[in-house]
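One structure below.
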Amino acid sequence: MSGGDNLDFEIRPNPAPVSAADRATLLANPGFGRIFTDHMVTVRYAEGKGWYEPRVEARAPIPMDPASAVLHYAQEIFEGLKAYTLPDGGVAMFRPDANARRFAESAARMAMPALGVDMFLKSLHEIITIDRSWIPQGEDSSLYLRPFAYASEVFLGVRPAMEYLYLVIASPAGAYFSGGVKPLSLWVTPDYTRAAPGGTGAAKCGGNYAAGLSAQAEAIEHGCDQVVYLDAIERKYLDELGGMNIVFVLDDGSLVTPPLTGTILPGITRDSILKLAQRAGRKVEERQVSLDEWRDGARSGRIREAFACGTAAVITPIGTVKSAEGEFAVADGGSGEVTMALRQELTDIQRGRAEDPFGWVHRVL
Ligand SMILES: *Cc1c(COP(=O)(O)O)cnc(C)c1O
């Protein structure tokens, strides 16, 4: 981090926050990404000056010049993590330092200045503290935090911008699966790829998501929940879903997941599951898995289960896979045993219901 960062946020409380009664109504059924807290964090950056004016202020529209670089060349990155209530009434986040490091890595890939890890963590503490009353209390609900940064310079030339804005907004979110975990159906797109070697697949940038929307629409057209991508070169090996990593469970209980070669996003949920599995004595392999291996393995029973993982839904079983060649079921189309056990183990640690062997739970309040 640049040692000179001023970490003292100026706090400008919202003069007209949502009333307690209205907030309670909103929190009763928050859904995902629909409602927002009273505040936001903003930090500005200018070349030669570094990050400056760290602020917590009323959430409001951001004035934007039509020539702002991000609107034209998509120099933008984001993160996503949760703050939630612990059994003793405290508030925690899960491995926010890992999000901070990934944010810096995404910034480097998009030729953006890195925000210091300390500044990133402080910004999350600030918004959680001021908007604490917005954290939903339900068992699986949380306050979803969305840090992001974009090129705010007013300039149409093609080069890294010289001005940026970093923000954090917060959105109360209900349980991802209301009415129990439901296995996903996946569409293997024959038409689109997500990331090529040397591309931006390992960066958490909005552009990757924009490029995936057509593929996701194709999945919906084929009656599937989500798209799963094959590698861009051979169109043979599984990469990941549009916003979640993929893990396979073999018949000997071992886990297999595609390696981090730059085309998939290094998920913190993925990493946490691999570490927990290894610690429990499970074999963990990071290697390529072809669609053929998956189809044959699902039939023979060699590949027992498969799941998708990411912060929002934590772990979601994969039930069926549909491609141009036909459809097959994984774990009889239901939720696998190992998948659901890993899900329980991870959420118990996150929520402070089980011991935290790696010191991942980061208490804020
Ligand atoms: C964010 C993201 C993930 C999951 O990462 P987590 O750190 O586990 O939330 C996986 N794939 C993509 C493309 C992502 O953007």
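Side chains included, hydrogens not; waters and symmetry mates left out as well; all remaining heavy atoms used. Start at 1 and go down the list; that is how both ligands and their atoms are numbered.
Counting only heavy atoms of the protein, atom 15 (O) of ligand 1 lies nearest to Tyr209 OH, 2.5 Å. Counting protein heavy atoms only, atom 9 (O) of ligand 1 is closest to Thr311 OG1, 2.6 Å. Scanning the protein for heavy atoms near atom 2 (C) of ligand 1, the closest one is Lys204 NZ, 2.6 Å. Closest to atom 11 (N) of ligand 1, if we only count protein heavy atoms, is Glu240 OE1, 2.6 Å. Nearest protein neighbour of atom 8 (O) of ligand 1, counting heavy atoms only, is Thr269 OG1, 2.6 Å.
Of all heavy-atom pairs spanning Trp134 and Asp38, the tightest one is NE1-OD2, 3.0 Å.
Residue-level proximity to ligand 1 for Leu265 is carried by the side chain, the only part with a heavy atom below 4.0 angstrom. Looking at Met244 against ligand 1, only its backbone comes within 4.0 Å, counting heavy atoms. Contacts with ligand 1 closer than 4.0 Å are made by side-chain heavy atoms of Arg194 only, the backbone lying farther away.
If you check each of Gly267, Gly310, Gly243, Ala312 against atom 10 (C) of ligand 1, the one with the closest non-hydrogen atom is Gly243.
Distance alone, capped at 3.5 Å, places no donor-acceptor pair between the Glu240 side chain and the Leu238 backbone. A donor-acceptor contact shorter than 3.5 Å is absent between the side chain of Arg12 and the backbone of Arg55.
Those atoms of ligand 1 that come under 4.0 Å of a heavy atom in Arg102, given as number and element, are 5 (O), 6 (P), 7 (O).
Proximity of Gly242 to ligand 1 is established by a heavy-atom distance of less than 4.0 Å.
The closest side-chain donor-acceptor pair between Tyr192 and Arg194, if any, does not fall under 3.5 angstrom.
Taking a 6.0 Å sphere around CD of Glu286, one finds it holds more than 12 heavy atoms contributed by other residues, nucleotides or ligands. By the neighbour-count criterion of 12 heavy atoms within 6.0 Å, atom CG of Asp356 is densely surrounded, having more than that number from other residues, nucleotides or ligands.
For a threshold of 3.5 Å applied to N or O pairs, the pair formed by Ile268 and ligand 1 contains at least one separation below that value.
In this structure the side chain of Val91 reaches within 4.5 angstrom of the side chain of Arg132, judged on heavy atoms. At least one side-chain heavy atom of Pro147 sits under 4.5 Å from a side-chain heavy atom of Leu81.
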